[in-house]
Amino acid sequence: MRFGVVVFPGTWSDCDFHYVISEVLHQPVRYVWHRERELGQLDCVVLPGGFSYGDYLRAGAVAGRSPVVEALRDFVAGGGIVLGSCNGFQILCEAGLLPGVLTRNECLQYRCQSSHLVVENVETPFTRGLRLGQVLTMPISHGEGKYHADPETIVRLKQQNLIVFRYAEADGRVTKASNPNGSLDNIAGIVNPEGTVLGMMPHPERASETAMGGTDGLLIFQSLLGSLVEDGSFLKR
Amino acid sequence: MTGAEPKVTLDLALEAGLTAEEYDRILSRLGREPTYTELGLFSALWSEHCAYKHSRVFLARLPQTGSHVLQGPGENAGAIDIGDGWAVVFKIESHNHPSFIEPFQGAATGVGGILRDIFTMGARPIAILDSLRFGELDNAKTLQLVNGVVSGISWYGNCFGCPTVGGEIAVAPEYAGNPLVNVMCVGLVRADQIFRARAEGPGNPVFYVGNKTGRDGIHGATMASATFDEHAEERRPTVQVGDPFTEKLLLEACLEVMRTGAVVGIQDMGAAGLACCTSEMPARSGTGMDVELSRVPQRERGMTPYEILLSESQERMLLVAARGREGEVRRVFAKWELDAVEVGRVTEVAELTARLNGEIVANVPLDLLAEAPKYVKPTAEPPGLAERRAFDPLTLPEPDDYGTALLALLESPTIASKEWAFRQYDQQVGINTLILPGSDAAVLRVKGTRRALAVSTDGNGRQVFLDPRQGAAMAVCEAARNVSCSGGEPRGVTDCMNFGSPERPEILWQFAEAIEGIALACRALELPVVGGNVSFYNETSGQPILPTPIIGVVGVLDEVSRRATQWFKGAGHRVALLGPAGVSLGGSEYLWTRHRRLAGRLAPLELETERRVQRAVRAAVSAGLVTAAHDCSEGGVAVALAEGCVTGREPVGCDATLPAGARADLVLFGEGPSRVVVAVEAVRTREFEGLMAESAIPWRWIGTTGGERLVIRVGTEVPVDVEIGQLEHAWRNGFERHLA
């Protein structure tokens with residue numbers, strides 16, 4: 001599976017994704033510079049964490065209008081798979097590729113801590129290797145991760161089963177105490193209706209090796225790889 | 001020369017912070033009056049902050065060499081060889097004065113400055129540690145400082161993308177008017193690709209790269225070289241404003257341009273900005289520099305030569321390129337959308353020549369400008385110190401309830417969990433952090449090798465106040481011991497010396513004694529001091545801080561999987577106390593929190609014992625014999641045991657017995673050097689005993705983990721028997737409750 005990791009000025013999880021994809025998953029991967037307009041040959045584009053363009057204006061706002069994100073629209077229309085984590089989720093929302101917006105954490109502080117995610121949708125290429133209700137543990141690291149959308153959007157997300165991950169307790173119960181940033185309905189990650197674009201605030205690349213304290217993040221990548229091998233229907237191109 | 005600038009007189013020179021003798025020296029060497037711009041150069045470069053006028057003679061006492069040293073003091077940062085072709089570059093620096101005036105930007109630009117010191121050497125920063133000191137958390141001003149400093153560090157480090165993995169926060173009233181913000185940064189570089197701040201090769205072009213120059217931070221170096229009074233906040237314009245996004249671009253651009261081979265030398269524009277770079281770089285190489293100031297990218301109109309040279313705008317570097325390779329430099333910086341402007345040339349003559357539109361505004365010999373006068377000022381032991389030391393803490397009453405006394409210690413802000421701060425810092429970006437903040441030392445892997453780095457900072461102002469020589473030596477030992485407890489072999493030291501005004505004999509005495517203590521400990525532990533920083537004048541309205549040397553130690557683990565953390569891992573593990581029995585309540589956290597006393601003698605320090613204990617701990621960790629190793633520091637063995645019980649993810653109890661023979665408060669809470677608590681699985685005890693016998697150190701089994709309570713017996717008495725939930729609650733909330 002051919003991966004591309006997008007680098008905006010101010011991106012900082014690019015090297016971490018690159019490392020996990022090449023050294024842990026042993027998959028081909030290249031960096032994609034933010035000015036590139038051609039994403040051909042890639043199967044999956046990763047929008048990593050960081051502060052793209054300094055997150056000036058709003059987190060992800062400038063990057064959401066960058067050349068590479070314009071190219072991403074065609075890539076998605078053609079069935080390409082996109083994983084946006086942290087700043088990448090913010091960019092996908094700002095670009096309109098996913099609904100809603102990520103605003104300042106309710107505590108008004110940055111939060112870097114371990115979080116538990118309950119899996120709510122296993123019918124995406126990112127999660128088909130997981131069980132419904134499975135609890136994943138991986139870190140968050142953000143100042144603007146509070147998911148917000150208008151009530152109609154939230155209803156639609158629920159009706160169409162587009163909420164993939166919610167912040168939860170270790171046993172999978174979704175509680176206020178387990179919500180680290182005040183997200184509506186504890187939302188931690190959502191997909192587009194086609195299931196090909198995933199945005200999530202947590203960092204799967206930081207939970208992909210035992211040495212780093214856990215491998216739950218790797219399950220997402222492995223689902224992706226499994227999707228390609230077992231069932232090409234998620235890759236419509 | 002320009003006519004618009006004020007005429008330079010002795011009065012003006014005095015106002016600029018020079019002494020009459022220094023001004024005379026300039027006059028006689030130049031053979032004329034300096035221009036206003038030149039006076040500015042001398043004022044900044046001869047300031048204590050830049051020139052170490054009062055400290056240099058003492059700093060020479062520190063051991064600075066060793067077989068692993070690739071770069072000692074005198075460059076932007078020190079460098080140590082760690083094997084496999086890799087080097088670690090590290091340094092600690094203070095940003096105390098700016099952080100008091102404007103905590104958010106002061107702390108943020110402190111992070112920015114030390115990051116640049118690391119990547120200007122060609123290293124990618126992989127870890128930040130912050131050593132912070134504040135006044136007591138009982139007033140709005142201090143809480144505002146704590147909030148401002150922590151959020152400033154969080155903002156800059158997180159946006160830049162370097163994890164904050166360690167450091168400490170301690171609280172004492174002496175820091176109320178002068179908080180300390182010391183930031184250490186660690187970077188990785190190939191050992192044969194280290195860059196230096198040199199201006200070799202006359203004719204080579206000089207590039208200004210990075211952010212534009214504004215009027216912020218002018219006189220920052222001079223500000224940091226004077227004490228504060230009640231008007232301190234009026235100095236706010238001297239604090240710089242940071243932009244971590246630009247710094248991130250500057251990092252990537254610098255590392256990329258270094259890979260082209262077009263870079264001859266490079267220096268961060270820190271204190272005294274362009275003036276410092278244009279004089280220090282050629283001075284190190286025996287060359288000169290000729291720069292045209294009108295070419296300097298500026299974000300404000302009408303800046304004078306004086307302002308352009310002395311601005312401390314952030315995120316800028318001065319780069320000397322190889323002649324003929326200018327295009328490569330421009331191309332890389334254009335890619336990262338940063339300015340890279342050729343502002344001058346390296347010259348043969350050892351002079352700094354600065355021009356504005358061709359007209360010379362400064363022309364000074366570099367051996368004069370870069371060689372500030374050194375002073376050996378008088379030192380004197382502070383009056384009353386001998387009486388303070390003579391105080392016997394055992395004349396004070398014992399606590400009625402030792403359990404309550406232990407809980408009070410665990411919730412004292414210095415000992416309690418600092419999670420409130422650390423969860424605001426990204427701790428993992430780079431995916432190297434194997435041991436997160438909260439253990440004795442942070443451990444980071446070196447990708448592509450079996451090795452890892454262990455890093456820690458330490459410094460106890462009370463101990464140094466009571467006995468500067470031994471207190472400073474103990475700070476070195478403790479930082480190194482923390483590294484050893486994680487399994488790392490200490491390889492190098494960086495020190496940040498925070499003191500009051502060196503013009504006062506008793507402060508300079510503290511400083512001189514502390515340096516002597518650091519030198520003694522470093523020699524005994526075979527640790528070179530490869531860089532550091534001196535911050536004097538930490539006093540407000542005549543009230544100095546506790547003398548506070550902060551010691552940063554970097555160590556190496558040869559086998560990344562052989563590492564240890566401080567918390568107990570489960571029930572049934574035997575607990576041992578390694579190290580000497582000698583402890584004291586003098587200068588202890590217990591004496592302060594319970595009795596509000598800063599007095600007494602420190603327990604004796606035997607450096608040979610210290611060395612052996614650390615070696616024994618490392619051997620036990622690397623043999624996989626211990627499941628936890630934790631240094632005994634503030635709060636004594638009782639607090640170390642309590643921390644073993646509650647600082648991990650799954651708290652576990654412990655039942656321990658300490659030998660009687662002294663009052664229980666001394667046995668439980670007394671502090672002394674060279675002591676470590678370890679836990680050993682029952683099946684490994686025989687092997688562990690064998691290793692300890694070979695190590696020739698004092699040690700004893702003191703207990704076993706398990707249950708829901710921490711029980712500590714002293715002889716036949718049971719002074720401590722507390723439920724671990726209570727201990728955990730006190731430890732987790734002691735700091736945060738003040739800030740919620």
Side-chain angles (χ1 to χ4, degrees), chain A residues 7-20 22-24 31 33-35 48-56 59 62 85-87 105 107-115 137-144 170 180-181 202-214 217, chain B residues 124-126 147 150-165 242-253 315 335-338 419-437 443-445 447-448 450 452 560-561 563 565 649 739-740:
Chain A
V7 184
F8 297 97
T11 297
W12 42 235
S13 286
D14 45 345
C15 302
D16 299 353
F17 272 103
H18 194 282
Y19 180 85
V20 168
S22 68
E23 304 301 315
V24 182
Y31 289 113
W33 188 237
H34 66 113
R35 290 186 186 284
F51 286 66
S52 54
Y53 301 98
D55 275 352
Y56 287 127
V62 182
S85 155
C86 188
N87 194 221
N105 292 350
C107 62
L108 302 181
Q109 289 177 344
Y110 198 95
R111 277 289 177 274
C112 177
Q113 62 193 46
S114 181
S115 69
T137 303
M138 63 187 78
I140 57 162
S141 185
H142 58 248
E144 298 176 13
N181 53 29
H203 286 266
E205 81 285 7
R206 296 185 183 184
S208 290
E209 298 163 273
T210 313
M212 290 300 295
Chain B
R124 181 173 286 276
I126 60 162
N147 263 306
V150 169
S151 52
I153 291 168
S154 158
W155 175 67
Y156 205 102
N158 295 353
C159 181
F160 176 84
C162 183
T164 298
V165 303
D243 177 359
F245 170 59
T246 300
E247 178 109 327
K248 165 72 172 164
L249 303 186
L250 188 60
L251 161 76
E252 300 299 343
E315 295 96 21
K335 174 185 165 188
W336 292 97
E337 299 173 37
L338 292 172
E419 196 192 330
W420 175 86
F422 279 104
R423 72 181 177 217
Q424 298 185 51
Y425 307 145
D426 191 317
Q427 304 155 26
Q428 291 152 307
V429 59
I431 48 171
N432 297 315
T433 320
L434 304 179
I435 298 183
L436 297 168
V443 173
L444 298 116
R445 65 177 169 184
K447 290 196 198 100
R450 294 303 310 164
V560 61
S561 61
R563 57 182 189 266
T565 46
R649 236 179 248 171
L739 289 135

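Reminder, nothing fancy here: chain letters follow the sequence lines and each chain counts from 1.
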Side chain to side chain, [X] and [Y], heavy atoms closer than 4.5 Å:
X        : Y        : answer
A:Arg206 : B:Val429 : yes
B:Phe245 : A:Pro9   : yes
B:Gln428 : A:Ser141 : no
B:Arg445 : A:Met212 : yes
B:Val150 : A:Gln109 : no

A:Tyr56 and B:Asp243: which non-hydrogen atoms are nearest, and at how many Å?
->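 Answer, listing the atom of A:Tyr56 first, then B:Asp243: OH-OD1, 2.9 Å.
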So how far is it from [X] [atom1] to [Y] [atom2], rounded to the nearest 0.5 Å?
X        : Y        : atom1 : atom2 : result
B:Leu434 : A:Glu209 : CG    : CD    : 9.0 Å
A:Asp16  : B:Asn432 : CG    : CG    : 7.5 Å
A:Ser13  : B:Asp426 : OG    : CG    : 7.5 Å

Among all residues two or more places apart in sequence or in another chain, which pass the salt bridge (Lys or Arg N to Asp or Glu O under 4.0 Å) test with B:Arg563?
->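 B:Arg563 satisfies salt bridge (Lys or Arg N to Asp or Glu O under 4.0 Å) with no other residue.
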Heavy-atom distances under 4.5 Å only: say whether A:His18 touches chain B with side chain, backbone, both or neither.
->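 Answer is neither: A:His18 stays 4.5 Å or more from chain B.
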Under 4.5 Å heavy-atom distance to chain B, tell me which part of A:Ser208 shows up: side chain, backbone, both or neither.
->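 Neither part, no heavy atoms under 4.5 Å.
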Flag the one option from B:Ser154, B:Gly161, B:Ser151 with the top tally of heavy-atom pairs under 4.5 Å to chain A.
->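 The residue among B:Ser154, B:Gly161, B:Ser151 with the greatest pair count is B:Gly161.
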Contact leader toward chain A among B:Lys447, B:Glu247, B:Glu252, where contacts are heavy-atom pairs under 4.5 Å =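 Greatest number of close heavy-atom pairs with chain A: B:Lys447.
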Side chain / backbone / both / neither for [X] at chain A, heavy atoms under 4.5 Å:
X        : answer
B:Thr246 : neither
B:Trp336 : side chain
B:Leu249 : side chain
B:Glu337 : side chain

List for me each residue that meets side-chain hydrogen bond (donor to acceptor under 3.5 Å, both in side chains) alongside A:Glu23, sequence neighbours excluded, and say none if there are none.
->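 Residues passing side-chain hydrogen bond (donor to acceptor under 3.5 Å, both in side chains) with A:Glu23: none at all.
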Largest heavy-atom contact set with chain B, pairs under 4.5 Å, which of A:Gly213, A:Gly49, A:Pro139 |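 Sorted descending by pairs with chain B, the first entry is A:Pro139.
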Is there a donor-acceptor contact under 3.5 Å from the side chain of B:Trp155 to the main chain of A:Tyr110?
->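 Looks like no, no N/O pair under 3.5 Å.
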Does A:Phe51 have B:Lys248 sitting over its ring (NZ/CZ under 6.0 Å from centre, angle to axis within 45°)?
->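 Geometry flag: not set, cation outside 6.0 Å or 45°.
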